[in-house]
Amino acid sequence: MKDAPRTVLEQVRSADGTTIGYRRRGRGPGLILVHGGMQASQHFTKLAAALSTECTVYVPDRRGRGLSGPHSADFSVLREVEDLQALVTATGASQIFGLSTGALVVLRTALSTPTLDRVALYEPPLSIDGSAPMDWVPRFDHEIAAGKSASALVTALKGLDAEPSLFSRIPRFALVPLLAIGARLQGDGPADEVPVKALIPTQHFDMQVVREMADTVMDYAALDARVLLLGGTKSAAYLGLALRKLAEVLPHARSIVLPGVGHSGPEDDGAPLVVAQALRDFFGAQ
């Protein structure tokens, strides 16, 4: 029996000099996986493993996280586009997948990177006439500034409500101490993984991406790549709306809705093997 592909840590330099670190594993055509908000490359471990039997999988830490350098003073979605373009140039990958705000960055990158010919997007929070909730962000920023990480995490999770569930109905006073304890129990973890407490503040920058890309859906009529639009039946309505609007605009798109799967589908704690099969079918199709 063959040994499982080994994960290797590597890095590239973005256009502004920022280091972008990533995990590489597998052999075959290059495929980049881009994580979502309050996440890092570690959250795609199972998805990357499932795809690495047929592809060389590259999973970057988006800037401000783990293996990568900090958000710059002039941060915008264009900085993240440059980060992915540097990775595309270094690896020669022509296939890319993104989850949530990572999918927004992938969408914007594909528009200006013609070598990306197959693009898969899982529930990008592309705001249509104010559909993506953002009114919670000032409270979140205030809590981060006050050092109240657990409170800020609850504010973000309840504000986004990307996968409505029992969690959505648990009152704040009960959730805050539970999440605070959970973050402490996690500890520092492996050296190449980012602790939850360090990921929470990065949501500020993800919401900046959401704001910048709001109401840009018509821009993507110019995207010539083949696109797979993925979503789950357990996800919030505003995410489904974004997928439907993109399907109307993108010239070469197909859509798949995964039954019983929510916004966390591609993550290790979601349904990564289900998502991996849909990606395998799309990226392997002629």
Side-chain angles (χ1 to χ4, degrees), residues 14 20 32-41 43-44 59-65 68 71-72 75-88 95-113 116 118-134 136-137 140 156 159-163 199 202-223 225 227-232 235-250 253 255 262-267 275 279:
S14 192
I20 303 299
I32 298 171
L33 307 179
V34 185
H35 63 77
M38 291 191 290
Q39 296 179 345
S41 58
H43 293 93
F44 276 174
V59 192
D61 279 337
R62 290 168 57 203
R63 63 167 60 200
R65 302 159 174 87
S68 296
H71 293 98
S72 55
F75 175 78
S76 73
V77 68
L78 294 181
R79 296 288 82 78
E80 293 215 57
V81 168
E82 291 169 351
D83 298 345
L84 289 184
Q85 287 176 328
L87 186 54
V88 168
Q95 306 175 136
I96 193 166
F97 165 80
L99 163 65
S100 194
T101 42
L104 287 180
V105 177
V106 165
L107 183 60
R108 203 69 194 176
T109 302
L111 193 60
S112 57
T113 314
L116 291 172
R118 296 202 186 197
V119 177
L121 307 171
Y122 195 99
E123 297 183 343
L126 187 62
S127 190
I128 312 292
D129 296 329
S131 59
M134 288 184 270
W136 54 270
V137 176
F140 171 87
L160 290 165
D161 201 22
E163 190 172 327
L199 290 172
T202 65
Q203 189 63 29
H204 168 87
F205 299 95
D206 280 57
M207 294 314 297
Q208 184 173 334
V209 170
V210 174
R211 281 194 300 271
E212 286 183 34
M213 290 186 60
D215 297 316
T216 61
V217 66
M218 293 307 300
D219 292 357
Y220 308 106
L223 181 56
V227 179
L228 175 65
L229 299 170
L230 279 170
S235 299
Y238 70 90
L239 297 167
L241 173 64
L243 289 171
R244 291 192 298 275
K245 291 296 183 181
L246 282 169
E248 293 172 5
V249 168
L250 290 164
S255 300
H263 192 60
S264 62
E267 302 168 31
V275 175
L279 294 178

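Note: hydrogens, waters and symmetry copies are ignored here, and every other heavy atom, side chains too, is used. Since we're looking at a predicted model, the values are computed, not measured.
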Would you sort out whether L111 and V81 count as a side-chain contact (heavy atoms from CB on, under 4.5 Å), showing the intermediate values? CA-CA 10 Å; L111 193 60; V81 168; over 6 Å; no
Given [options], the one that forms side-chain contact (heavy atoms from CB on, under 4.5 Å) with [X]:
X	options	value
R108	L84, D219, L223	D219
S131	D215, L126, L239, L241	L241
I96	L87, V119, V105	V119

Using 0.5 Å steps for rounding, measure from the [atom1] atom of [X] to the [atom2] atom of [Y].
X	Y	atom1	atom2	value
S127	M207	OG	CE	8.5 Å
H263	D161	NE2	CG	11.0 Å
S100	D206	OG	CG	7.5 Å
Y220	L107	OH	CG	4.5 Å
Q208	H71	CD	NE2	8.5 Å
L246	S255	CG	OG	8.5 Å

Within a strict 4.5 Å, meaning less than it, do heavy atoms of the [X] and [Y] side chains meet?
X	Y	value
M218	V249	yes
Q39	T202	no
V209	F75	yes
E123	L99	no
L279	L230	yes

Verify whether one side chain among [X] and [Y] offers a donor that lies under 3.5 Å from an acceptor in the other.
X	Y	answer
E267	H43	no
E163	S235	no
E82	S14	no

Full working for side-chain contact (heavy atoms from CB on, under 4.5 Å) between L160 and Y238: CA-CA 10 Å; L160 290 165; Y238 70 90; 4.1 Å; yes
Ion pair check, R63 and E80, cut-off under 4.0 Å: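 The answer is no: the pair does not qualify as a salt bridge.
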Answer yes when D83 and R65 have at least one side-chain N-carboxylate O distance shorter than 4.0 Å, and no when they do not.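 Looking at R65 together with D83, the answer is no, because their closest N to O distance does not fall below 4.0 Å.
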Side-chain donor or acceptor of E212 paired with backbone N/O of V77 under 3.5 Å: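 Yes: the side chain of E212 pairs with the backbone of V77.
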Geometric class of the H35/F44 ring pair [parallel <30°, tilted 30-60°, perpendicular >60°]: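 Perpendicular.
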